[in-house]
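Everything below concerns the one structure shown next.
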Amino acid sequence: MKERAYPVYTVNKHAEGLLVGGHPWVYENDILHSPENEPENGTLADVVSTKGSYLGTGFVSLKSKIRVRLISRNANDTFDAAFWRRRVEYAWNYRKTVLEPADLSACRVIFGEADQFPGLTVDRFSNILVTQTLSVGMEKLKPVLFPILAEVLRADGQTIDGIYERNDEALRAKEGLEQNKGWFELPGETHPASTQTEICENGIYYHVDFENGQKTGFFLDQKYNRRAVARLAAGHTVLDCFTHTGSFALNAAAGGAARVTAADISAEAIAMAQRNAQRNGLTNMDFLCEDTFELLPRLEKEGHPYDFIILDPPAFTKARRTVENAMRGYKEINYRAMKLLPRGGYLATASCSHFATEELFIKMLHAAAKDAHRQLRQIEVKQQAPDHPILWGVPETNYLKFFLFQVI
């Protein structure tokens, strides 16, 4: 092993166990010895065990409880531009393997820790890459990394006209970073004038406002789950709750549903869903601006025509301490939907919260079905699309649950 140039953190047995098991984070509380001279925030440091064994190298974050985020476990790695180019190529080649060619124009190119880019998300929306940077190490690396991102995709024949940053995320404060959004200036290039573009997913076109849309502008993780809904939708009357940009509703309508109602509490979301329906020439749709928690009980009282209900709510919990409340919310909407559906009807239900684990979600579904006096016939269980890969050593990468049932 060559001489190490990096400051060294020594960690306890707990951290060693996590790192050896594949988890890339070192928590402040697990550090036994810090370097004599405090490293500069966002620079690289080595992590070793109490016996001095090398465990990895990562970005230091002085303001966060996660003190070091590993980027490598190979003591021979040199962290130059060529290293990061290989990493980007590796991530892109993986997407080309797991996605169908038509899906590469709208996909997640980099999914943080799952691609060994801690704290970095890169989504591709047609000709634009939209990034979100949530760690100080990645923030410092941008001038090297972002031009490489564009180069690697262009070298593969992809059209990339600009990189837009969506750093308007409160989590940045934990890293001592300010919030901002705007174009990343690629050297010697001008960026597009518009912060809107269009993508095509499963043959359906969507308008994407990547400056103001949620997260990076559009949720790509349900790509194949939407397709599963489209496959069952023919001839059914469908209610899509929490429709957001209308994605599940549009897939159901294009799949030949007799009628689709897209419902959301946000008037902006409904306007966007209507615009997308128009763009795709779908006329078998109507739209409701209403809170799902009020809509479902109202429909139960009034009677309704729906025999297929889709529940894809935003995360009801983003922390462990609010999980119990969240599970009550999930149970309420699932119970109401099961009560509403005729026997033989279909239910698609999802959760995008990492803290609402699959175990908790299944337990909730059992309880809801019991209270609604319904049997669930399971058709499919799915997760996030493979461009959002789940790393087994990193449970945080596993967040999306999606179940498709017939209610009998």
Side-chain angles (χ1 to χ4, degrees), residues 95-96 98-109 122-130 153 157-164 166 191-234 236 238-264 266-289 308 310 312 348 350 384-388 402:
R95 267 82 192 164
K96 286 168 68 177
V98 297
L99 296 177
E100 292 162 26
D103 293 329
L104 290 169
S105 64
C107 71
R108 178 151 293 182
V109 178
V122 181
D123 283 339
R124 180 184 183 190
F125 300 121
S126 189
N127 58 330
I128 306 292
L129 295 178
V130 181
L153 268 69
Q158 311 293 324
T159 300
I160 302 297
D161 293 330
I163 296 180
Y164 192 85
R166 279 297 299 270
H191 55 72
S194 170
T195 54
Q196 308 194 7
T197 189
E198 184 175 84
I199 60 168
C200 183
E201 182 195 87
N202 300 343
I204 291 168
Y205 292 92
Y206 298 89
H207 176 82
V208 177
D209 175 350
F210 52 82
E211 181 182 16
N212 304 307
Q214 284 189 359
K215 299 279 188 184
T216 58
F218 184 83
F219 295 114
L220 296 161
D221 50 5
Q222 295 264 33
K223 185 191 312 266
Y224 296 144
N225 303 343
R226 293 172 188 138
R227 197 180 288 185
V229 160
R231 209 172 52 240
L232 291 186
H236 289 286
V238 181
L239 172 64
D240 178 25
C241 303
F242 309 99
T243 196
H244 188 41
T245 51
S247 53
F248 274 107
L250 293 161
N251 276 267
R259 191 85 204 145
V260 181
T261 301
D264 202 288
S266 154
E268 267 173 47
I270 289 295
M272 184 72 92
Q274 283 174 310
R275 180 176 179 174
N276 287 332
Q278 214 171 353
R279 167 67 182 89
N280 290 282
L282 295 166
T283 53
N284 53 341
M285 294 181 73
D286 51 77
F287 301 86
L288 259 182
C289 188
F308 192 162
I310 300 157
D312 180 29
Q384 61 240 34
D387 53 342
H388 297 62
F402 179 85

Report task. Looking only at non-hydrogen atoms, find the nearest pair between S266 and C289 and report the distance. Result -> C-SG, 3.9 Å
**Report entry** Residues K96, L104; criterion side chain to side chain contact (heavy atoms under 4.5 Å, CB included); working and verdict
**Finding:** CA-CA 7 Å; K96 286 168 68 177; L104 290 169; 3.8 Å; yes
Requested in this report: Using the test salt bridge (charged side-chain N to carboxylate O under 4.0 Å, His left out), find all partners of K215 that sit at least two apart in sequence or belong to another chain.
Outcome: none
Requested in this report: Starting at CG of N276, measure out to CZ of F218 and round the result to the nearest 0.5 Å.
Outcome: 7.5 Å
Query raised in the report: Excluding sequence neighbours, so at least two apart, what forms salt bridge (charged side-chain N to carboxylate O under 4.0 Å, His left out) with R124?
Result: none
Query raised in the report: What residue among V260, V229, V238 forms side-chain contact (heavy atoms from CB on, under 4.5 Å) with F248?
Result: V229
Report task. Walk me through it: do T159 and N127 pass the test side-chain hydrogen bond (donor to acceptor under 3.5 Å, both in side chains)? Result -> CA-CA 5 Å; T159 300; N127 58 330; over 6 Å; no
**Report entry** With sequence neighbours excluded, residues passing side chain to side chain contact (heavy atoms under 4.5 Å, CB included) with Q274
**Finding:** I270, F287
Requested in this report: Might you point out which heavy atoms bring A249 and A262 nearest each other, and give the distance in Å?
Outcome: CB-CB, 3.9 Å
Query raised in the report: Given E198 and H207, is the side chain to side chain contact (heavy atoms under 4.5 Å, CB included) satisfied, shown in steps?
Result: CA-CA 5 Å; E198 184 175 84; H207 176 82; 5.9 Å; no
**Report entry** Closest contact, heavy atoms only, A233 versus A252
**Finding:** CB-O, 3.5 Å
Query - Inter-residue atom distance Q214.CD - R166.CZ, 0.5 Å rounding - result: 9.0 Å
Query raised in the report: Counting N and O atoms only, with roles assigned by atom type, does the side chain of N284 sit under 3.5 Å from a partner on the main chain of A257, one being a donor and the other an acceptor?
Result: yes
Query raised in the report: Are D286 and R259 close enough for a salt bridge, meaning some N to O gap below 4.0 Å?
Result: yes
Query raised in the report: Is the F125-F210 ring centre distance short of 6.0 angstrom?
Result: no
Query raised in the report: Between the side chain of N280 and the main-chain N/O of L282, is any donor-acceptor distance below 3.5 Å?
Result: no
Report summary line: All heavy atoms of P192 vs all of G162, minimum pair found to be CD-CA, 4.2 Å
**Report entry** Nearest-0.5 Å distance that lies between atom OG1 in T243 and atom CG in L288
**Finding:** 10.5 Å
Requested in this report: Report the distance from atom OG1 of T245 to atom CG of D209, rounding to the nearest 0.5 Å.
Outcome: 11.5 Å
**Report entry** Criterion side chain to side chain contact (heavy atoms under 4.5 Å, CB included) on H244 and D264, from CA distance to verdict
**Finding:** CA-CA 6 Å; H244 188 41; D264 202 288; 4.3 Å; yes
**Report entry** Side-chain ion pair, D387 and R95, N-O less than 4.0 Å
**Finding:** no
Requested in this report: Might you work through the side chain to side chain contact (heavy atoms under 4.5 Å, CB included) test for L99 and Y224, ending with a clear yes or no?
Outcome: CA-CA 10 Å; L99 296 177; Y224 296 144; 3.4 Å; yes
Requested in this report: List the steps, then state whether side-chain hydrogen bond (donor to acceptor under 3.5 Å, both in side chains) holds for S247 with R226.
Outcome: CA-CA 7 Å; S247 53; R226 293 172 188 138; 3.1 Å; yes
Report task. Please indicate whether E268 has more than 12 foreign heavy atoms, meaning atoms of other residues, nucleotides or ligands, lying under 6.0 Å from its CD. Result -> no
Report task. Answer yes or no: is there a side-chain heavy-atom contact under 4.5 Å between H191 and I128? Result -> no
Query raised in the report: Do T195 and Y164 come within less than 4.5 Å of each other through their side chains, counting heavy atoms only?
Result: yes
Query raised in the report: Excluding sequence neighbours, so at least two apart, what forms salt bridge (charged side-chain N to carboxylate O under 4.0 Å, His left out) with D312?
Result: none
Requested in this report: Please list, chain by chain and in numerical order, all residues satisfying side chain to side chain contact (heavy atoms under 4.5 Å, CB included) with S105, sequence neighbours excluded.
Outcome: none
Query - Short side-chain to backbone donor-acceptor contact, N202 and K223, under 3.5 Å - result: yes
Query raised in the report: Once you round to the nearest 0.5 Å, how far does CE of M272 lie from CZ of R279?
Result: 14.0 Å
Requested in this report: Could you grab the distance from atom CD of E201 to atom CD1 of I204, nearest 0.5 Å is fine?
Outcome: 8.0 Å
Requested in this report: Output all residues satisfying salt bridge (charged side-chain N to carboxylate O under 4.0 Å, His left out) with R227, sequence neighbours left out; order by chain, then residue number.
Outcome: E100, D103
